[in-house]
Amino acid sequence: MSIMDAIAPPPDALAESVVEWRGASPEVRLAAIRGALRRHGIEIPALPGRVAFYEIQLFGLVATGRDEAEAAQNWMEAATRLCPFD
């Protein structure tokens, strides 16, 4: 097993995340996204003194925002659009 196979998320990770987190409060979703990012994603915070920008790359989906909370909210909204379960 390669290192990438060991750290790659399962194929249904995006859909499973939507099911688990879509009804949660923004604070809970942010905490969940932080945890998932530590295991499977990339976060790019703004550089000090620069225009605010934050990027989240998680489960094949990229979202940006002015700060971490907005990027997480935008990520969840995009994930929900890609994986509607209503």
J.: Counting N and O atoms only, with roles assigned by atom type, does the side chain of Trp75 sit under 3.5 Å from a partner on the main chain of Leu58, one being a donor and the other an acceptor?
T.: yes
J.: Determine, using the 4.5 Å side-chain heavy-atom cutoff (strictly less than), whether Val62 and Leu14 are members of one ILVMFWY cluster.
T.: no
J.: What heavy-atom pair brings Gly65 and Ala71 nearest, and what distance separates the two atoms?
T.: N-CB, 3.7 Å
J.: Shortest non-hydrogen contact from Ile33 to Trp21?
T.: CG1-CZ3, 3.7 Å
J.: Can you give me the closest heavy-atom contact between Arg29 and Met76, atom names plus distance?
T.: CD-CG, 3.5 Å
J.: What about Leu30 and Phe59, same hydrophobic cluster or not, with Ile/Leu/Val/Met/Phe/Trp/Tyr joined at side-chain heavy-atom distances under 4.5 Å?
T.: no
J.: What closest approach, in Å, do Gln57 and Leu37 show between heavy atoms, and which atom pair accounts for it?
T.: O-CD2, 3.8 Å
J.: Calculate, to the nearest 0.5 Å, the distance between atoms CG and CZ belonging to Asn74 and Arg66 respectively.
T.: 8.5 Å
J.: For the CD atom of Gln73 and the CD1 atom of Ile56, what is their distance to the nearest 0.5 Å?
T.: 10.5 Å
